[in-house]
Novice: 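Quick one: the structure is below, and I'll ask about it shortly.
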Amino acid sequence: MKDLEKVELKIIGTISTPHKTIANIPIQSVGAAAYTGIIELVPHLTAGLEGLKGFSDLILLYHLHRVDGYKLKVKPFMDDKEHGVFATRSPKRPSPIGISTVELLKIEGNKIWFSGADMLDGTPLIDIKPFFRQVDNRPNAICGWLDSKDDDFPAKQRSDNRFA
């Protein structure tokens, strides 16, 4: 395959979670409410957290650091049919960036506790964004092949070895 152009991203912190291996991890944060994670932000970035305590939810962008290579067609965890990788949330992406909407529990200094940890322990954090219900919710969104599943289906799914 042809090499893709690169861009440099800064790692702003590290995410600690109870998930040491990919086996049986919830595949979306909606199914990971029972799992708490801790973000340790690079200390000199702590001032950037000012005002974040007033939010209930955060959007985390992170590097899927244990993914090796990518596939353009994948069979996602939530379906038994193959789809183009950009129609899924498969970790086997050309740019292995993960995204999770999590519940903010507390902030102390440069550490943030959250529930909804669906990422591996030691995951490099790229960015934190506050969740804005006024713009981030899309109640009438159409979700392609996922619309044929029950609404609570994603919360019940767990990882297996298909992307190991």
Side-chain angles (χ1 to χ4, degrees), residues 1 3-72 74 76-78 85-139 141 143 146 154-155 157-159 163-164:
M1 286 188 200
D3 284 343
L4 298 172
E5 189 175 339
K6 292 183 180 186
V7 63
E8 182 179 324
L9 296 172
K10 307 280 191 245
I11 302 303
I12 66 166
T14 303
I15 304 172
S16 297
T17 75
H19 308 298
K20 307 302 182 202
T21 67
I22 64 168
N24 207 35
I25 300 180
I27 60 156
Q28 297 294 314
S29 57
V30 69
Y35 298 102
T36 300
I38 302 171
I39 294 167
E40 186 167 351
L41 199 65
V42 173
H44 75 271
L45 300 177
T46 303
L49 298 176
E50 186 177 328
L52 198 60
K53 285 184 182 177
F55 290 88
S56 65
D57 297 272
L58 306 173
I59 298 170
L60 305 179
L61 298 167
Y62 47 90
H63 177 58
L64 299 168
H65 64 298
R66 303 254 304 269
V67 173
D68 184 27
Y70 65 91
K71 295 181 179 179
L72 295 178
V74 297
F77 294 123
M78 295 186 286
V85 70
F86 301 123
T88 75
R89 293 198 175 178
S90 163
K92 285 285 205 181
R93 316 183 73 72
S95 288
I97 296 173
I99 182 171
S100 295
T101 301
V102 300
E103 181 182 358
L104 172 60
L105 300 175
K106 70 178 179 175
I107 300 173
E108 290 180 1
N110 69 325
K111 292 186 179 178
I112 302 168
W113 282 259
F114 65 92
S115 67
D118 65 338
M119 63 289 293
L120 284 171
D121 186 52
T123 294
L125 182 65
I126 297 169
D127 203 4
I128 302 167
K129 298 187 183 294
F131 181 90
F132 296 151
R133 74 172 186 279
Q134 296 89 341
V135 297
D136 292 327
N137 285 339
R138 299 286 194 267
C143 298
L146 190 56
Q157 299 304 301
R158 297 294 183 262
S159 67
F163 299 118

Novice: Testing Asp57, Ile15, Ile38, Leu104 one by one against Phe114 for a side chain to side chain contact (heavy atoms under 4.5 Å, CB included), which residue passes?
Specialist: Ile15

Novice: Of all heavy-atom pairs between Ala117 and Ala32, which one has the smallest distance, and what is that distance?
Specialist: O-CB, 3.4 Å

Novice: According to ring pair (Phe, Tyr, Trp, His ring centres under 6.0 Å), does anything in residues 10-30 pair up with another residue at least two apart or in another chain? List the pairs.
Specialist: His19-Tyr35

Novice: Using modelled atom types and a 3.5 Å cut-off, is there a donor and acceptor pairing between side-chain atoms of Arg93 and backbone atoms of Thr88?
Specialist: yes

Novice: Taking the side chain from Ser100 and the backbone from Leu60, do they hold a donor-acceptor pair closer than 3.5 Å?
Specialist: no

Novice: I'd like to know if the side chain of Thr17 and the backbone of Met119 have a donor-acceptor N/O pair within less than 3.5 Å.
Specialist: yes

Novice: For the atom pair CG (Asp127) and OH (Tyr62), what is the distance rounded to the nearest 0.5 Å?
Specialist: 13.5 Å

Novice: Would you compute the distance between atom CG of Asn110 and atom CD of Glu40 and round it to the nearest 0.5 angstrom?
Specialist: 5.0 Å

Novice: Kindly compute the distance separating CG (Asp68) from NZ (Lys92), expressed to the nearest 0.5 Å.
Specialist: 5.5 Å

Novice: If you round to the nearest 0.5 Å, how far is CG of Leu41 from CD1 of Ile12?
Specialist: 5.0 Å

Novice: Decide if atom CD of Gln134 counts as having more than 12 heavy atoms of other residues, nucleotides or ligands within a radius under 6.0 Å.
Specialist: yes

Novice: Give the minimum heavy-atom separation between Gly109 and Thr46, together with the two atoms involved.
Specialist: O-CG2, 3.4 Å

Novice: To the nearest 0.5 Å, what is the distance between CG (Leu64) and CD1 (Ile99)?
Specialist: 11.0 Å

Novice: Could you tell me whether the side chain of Asp121 and the main chain of Lys20 form a donor-acceptor pair under 3.5 Å?
Specialist: no

Novice: Return the CD1 to CZ distance between Ile128 and Phe55, rounded to the nearest 0.5 Å.
Specialist: 12.5 Å

Novice: For residues Pro124 and Ile11, report the shortest heavy-atom separation together with the two atoms involved.
Specialist: CB-CD1, 3.6 Å

Novice: To check you understand the geometry: which heavy-atom pair defines the closest contact between Ser29 and Val102, and what is its length?
Specialist: CB-CG1, 4.3 Å

Novice: Quick one: are Pro94 and Val85 in side-chain contact, heavy atoms under 4.5 Å?
Specialist: yes

Novice: Find out whether Ile22 and Arg66 are in side-chain contact, i.e. whether some heavy atom of one side chain is under 4.5 Å from a heavy atom of the other.
Specialist: no

Novice: Would you say the side chain of His63 lies within less than 4.5 Å of the side chain of Pro96, judging by non-hydrogen atoms?
Specialist: yes

Novice: Side chains of Asn137 and Phe131, heavy atoms from C-beta outward: is any pair under 4.5 Å?
Specialist: yes

